[in-house]
2 protein chains.
Amino acid sequence: MKSLTIGRAARLGGVGVETMRFYEREGLIPEPPRTFSGYRQYPQETVSRVRFIKRAQELGFTLKEVRELLSFRASPRASCRDVKEKAGIRMEDIDRKIEDLRRMKRALSKLMAACEGRGSVSECPILDAMER
Amino acid sequence: MKSLTIGRAARLGGVGVETMRFYEREGLIPEPPRTFSGYRQYPQETVSRVRFIKRAQELGFTLKEVRELLSFRASPRASCRDVKEKAGIRMEDIDRKIEDLRRMKRALSKLMAACEGRGSVSECPILDAMER
DNA sequence: CTTGACTCCGTAGCACGGTACGGAGTATAT
DNA sequence: ATATACTCCGTACCGTGCTACGGAGTCAAG
């Protein structure tokens, strides 16, 4: 099992070098051992961990939540239910966000439909609707 | 037409005093005249401007975009079409965001469905899916 | 006239997730 | 041997939209 330099680990994890160091500062990946000259030596495991983080982000989890998920993973006391609960919170948040965006979309498309797209701004129904 | 202190204008605009000063720094509202002792004296107009900003935000516009909309409003060279164009960009962005969220939602609900919600984390399908 | 609410200013901080800088030392390929 | 690429560290900065602080001065009501 050979270890990886930060650059290689970053490439394999799909992030930048600075992001690796950022994750370390944030406690998302453990501090790796160092070479004699101070270079970080990452085990393969850290690469999967970085990918875990990225995948969780794609599902909408914040880094704070990712930290929790990671701590669940580490603790044998944690149950599947804890994870599902977090996922449920995520879901609700996603639903809320979708709803907000739909509202915006409806309002905006109504305004856009009212706007012919010609004439001066002084008669623009879009701006008009916002003015008052 | 009497002028308003920052506190009154803020209340009427539905924002905080600090927000008024922030908007001024950001060039979103004009610098008002001052009293002898340095107090800002806002015309009613500024209140509508603040409300304009708030409404545009509700439609998903960033403050940067709001600045553009405001400059359209000010310039007689700008046309309704410019505004509609910005609104179109907003729409596309909203659609993209909704799509992203839907993707997350789909993925997440699939994972949640696979998870019974009991047992140890070591067998949690949600975490499993993220690990690799 | 006093009290309390308001205002002034500049600067700093928050959350979020990174990104960049710069000067030094180290590793690697040729 | 040398050129090039990589790594180290601390700190500062990005964008987004505010929010907070603190000490001093001012205004309005009673």
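Every heavy atom of this structure was used, including side-chain atoms; hydrogens, water molecules and symmetry mates were not. Letters A, B, ... mirror the listed sequences (proteins, then strands); counts begin at 1.
- Proximity of a side-chain donor or acceptor of B/T19 to a complementary backbone N or O of B/V15 within less than 3.5 Å is not detected.
- Residue B/Q41 has no polar side-chain atom (N or O) positioned under 4.0 Å from OP1 or OP2 of D/dC27.
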Subject >> side-chain contact (heavy atoms from CB on, under 4.5 Å) between B/I6 and B/Y42, intermediate numbers included >> reply: CA-CA 7 Å; B/I6 195 170; B/Y42 289 104; 3.7 Å; yes
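- A salt bridge does not link A/E65 to A/K86: none of the charged side-chain nitrogens sits closer than 4.0 Å to a carboxylate oxygen.
- Of the residues in residues 58-70 of chain B, none lies under 4.0 Å from DNA chain C by heavy-atom distance.
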**OP:** Give the intermediate values and the outcome of side-chain contact (heavy atoms from CB on, under 4.5 Å) for residues A/I53 and A/I29.
**Re:** CA-CA 9 Å; A/I53 295 167; A/I29 58 177; 4.2 Å; yes
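- Residues from residues 19-28 of chain B that place a heavy atom under 4.0 Å from any atom of DNA chain D, listed by number: B/T19, B/F22, B/Y23, B/R25.
- When the side chain to side chain donor-acceptor pair (under 3.5 Å) test is applied to A/R40, the partners found at least two apart in sequence or on another chain are A/E24.
- Note that OG1 of B/T46 is 13.0 Å distant from OH of B/Y23, once rounded to the nearest 0.5 Å.
- For B/R67 and B/F61, the positive end is not near the middle of the six-membered ring at less than 6.0 Å and at most 45° from its axis.
- The footprint of chain B on DNA chain C, defined by a heavy-atom cutoff below 4.0 Å, extends from C/dC6 to C/dG10.
- Using a 4.0 Å cut-off between charged side-chain N and carboxylate O, A/E99 and A/R102 make a salt bridge.
- Judged as a side chain to side chain donor-acceptor pair (under 3.5 Å), and not counting sequence neighbours, the contacts of A/R118 are A/E116.
- Sequence order on DNA chain C of the closest nucleotides to A/E18 and A/F36 puts A/E18 first from the 5' end.
- For the pair B/K2 NZ and D/dA28 P, the interatomic distance rounds to 12 Å; values are reported in whole Å.
- Residues from residues 5-15 of chain A lying near DNA chain C, meaning a heavy-atom separation below 4.0 Å, are absent.
- Salt-bridge annotation for A/R90 and A/D93: present, with a side-chain N of the basic residue lying under 4.0 Å from a carboxylate O of the acidic one.
- Here the nucleotide nearest the side chain of A/V17, chosen from D/dG17, D/dA20, D/dT7, is D/dT7.
- Judged by distance alone, the side chain of B/K84 and the main-chain N or O of A/C115 form a donor-acceptor pair under 3.5 Å.
- A salt bridge between A/E131 and B/R49 is absent, with no side-chain N of the basic residue lying under 4.0 Å from a carboxylate O of the acidic one.
- A/R103 has no carboxylate O lying under 4.0 Å from a charged side-chain N of B/E58, or vice versa, which leaves the two without a salt bridge.
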